[in-house]
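Given the structure is predicted, the values throughout are model-derived calculations rather than measurements.
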Amino acid sequence: LSKSSQARAVESAEIILKRMGRIANFRSYEAVIHCYINNPHVTERVDKALTFLQANDLELAQHLVCKNAVLKACAVEGNIAVAEEVFASLKWTNTATFGRMLTVYFSKNSDIDEKERDLKVTELFRKCCRTGHVHYLVLNILQEESPKLLETLVGIEIAEKISSKTLRFEDLPRSWTLRRSNKPYESTQ
């Protein structure tokens, strides 16, 4: 259902989730949010996703996977303000979280100018480095969307390796990746 373009797909997904009751998990909630994102009949995807999470199981709604899905909705709509609120509210992040935030900043639907966007992306990348979440996902988004900014952030040598697909994690500063820790997630603070 999450990829259906049928008008009733969202309603069906919500009904199925309610019927699941206690067996629903964060992936169930994520699937409903993806229905909002992918269905062309849905408008105001971000508002619908946030309202849905607020109206349902608090613990599951706060799960990082659900919040990352909301960030995806923000990217589709170019809603930077809500994305930044969601990101700031997170106790934990992962590489996907940083990737989603980058897609928000680079969204064709956002009304941010290039200079402000580059400042926000630079700040986000520095936080990504500090928390050890630099990964191919983050680097590839930067390469695709702004090779010049990527070069500024990581240096010419690493940028060339990313561009030529020869980058190895050993080429990155150890502190930028989770290799410095056995923890699967690190705080964004």
Which heavy atom of [X] sits nearest a heavy atom of [Y], and at what distance?
{"X": "I33", "Y": "A49", "result": "CG2-CB, 3.9 Å"}
{"X": "V134", "Y": "C129", "result": "CG2-SG, 3.7 Å"}
{"X": "G99", "Y": "V138", "result": "N-CG2, 4.2 Å"}
{"X": "T103", "Y": "A75", "result": "OG1-CB, 3.5 Å"}

I'd like a table of donor-acceptor pairs (distance under 3.5 Å, sequence neighbours excluded) in which one partner is a side-chain atom from residues 154-169, with atom names and distances.
from : atom 1 : to   : atom 2 : distance (Å)
K161 : NZ     : D171 : OD1    : 3.4
S164 : OG     : E160 : O      : 3.0
S164 : OG     : K161 : O      : 3.4
S164 : OG     : T166 : OG1    : 2.9

Does [X] reach the side chain of [Y], with side-chain heavy atoms less than 4.5 Å apart?
{"X": "S89", "Y": "K67", "result": "yes"}
{"X": "V121", "Y": "L124", "result": "no"}
{"X": "H135", "Y": "T177", "result": "no"}
{"X": "R27", "Y": "V65", "result": "yes"}

To the nearest 0.5 Å, what is the distance between [atom1] ([X]) and [atom2] ([Y])?
{"X": "L142", "Y": "L102", "atom1": "CG", "atom2": "CG", "answer": "5.0 Å"}
{"X": "R126", "Y": "W176", "atom1": "CZ", "atom2": "CH2", "answer": "10.5 Å"}
{"X": "S146", "Y": "D118", "atom1": "OG", "atom2": "CG", "answer": "5.0 Å"}
{"X": "E30", "Y": "C35", "atom1": "CD", "atom2": "SG", "answer": "11.0 Å"}
{"X": "L64", "Y": "F26", "atom1": "CG", "atom2": "CZ", "answer": "9.5 Å"}
{"X": "C66", "Y": "L71", "atom1": "SG", "atom2": "CG", "answer": "11.5 Å"}

request  = Tell me, with the steps shown, if T122 and L119 meet side-chain contact (heavy atoms from CB on, under 4.5 Å).
outcome  = CA-CA 5 Å; T122 299; L119 288 172; 5.8 Å; no
Would you check if the distance from the ring center of Y29 to the ring center of F52 is below 6.0 Å? yes
Please step through side-chain contact (heavy atoms from CB on, under 4.5 Å) for the pair L139 and F125, ending with a clear verdict.
CA-CA 10 Å; L139 297 171; F125 184 75; 4.2 Å; yes
- Query: Can you tell me if H133 uses its side chain to pair, donor with acceptor, with the backbone of T131 under 3.5 Å?
  - Reply: yes
Check: Does any N or O in the side chain of S28 come within less than 3.5 Å of the main-chain N or O of N25, such that one atom is a donor and the other an acceptor?
Finding: yes
### Message
Between E14 and Y36, does the side-chain contact (heavy atoms from CB on, under 4.5 Å) criterion hold? Intermediate values first, please.
### Response
CA-CA 10 Å; E14 291 171 340; Y36 300 140; 2.4 Å; yes
Residues E11, R8; criterion salt bridge (charged side-chain N to carboxylate O under 4.0 Å, His left out); working and verdict: CA-CA 5 Å; E11 183 182 340; R8 297 187 45 88; 3.5 Å; yes
Exactly one candidate in V70, T93, N68 meets side chain to side chain contact (heavy atoms under 4.5 Å, CB included) with F87; the answer is T93
Q | More than 12 heavy atoms from other groups under 6.0 Å of CG on D113 | A | yes
List the atom pairs, donor and acceptor, that lie under 3.5 Å between side-chain atoms in residues 77-84 and the rest of the protein, sequence neighbours left out.
from : atom 1 : to   : atom 2 : distance (Å)
E77  : OE2    : R45  : N      : 2.4
E77  : OE2    : V46  : N      : 3.4
N79  : OD1    : V82  : N      : 3.1
E84  : OE2    : Y105 : OH     : 2.8
E84  : OE2    : K120 : NZ     : 2.8

Given K127 and F98, is the side-chain contact (heavy atoms from CB on, under 4.5 Å) satisfied, shown in steps? CA-CA 9 Å; K127 186 175 278 192; F98 285 96; 4.1 Å; yes
Give the cluster check for I15 versus V10: same hydrophobic cluster or not, with ILVMFWY residues linked at side-chain heavy-atom distances below 4.5 Å. no
Residue pairs meeting salt bridge (charged side-chain N to carboxylate O under 4.0 Å, His left out), one or both in residues 136-152, sequence neighbours left out, come to K108-E145
Margin query: Please tell me whether Q143 and Y136 have a donor and an acceptor in their side chains that are separated by less than 3.5 angstrom.
Written below: no
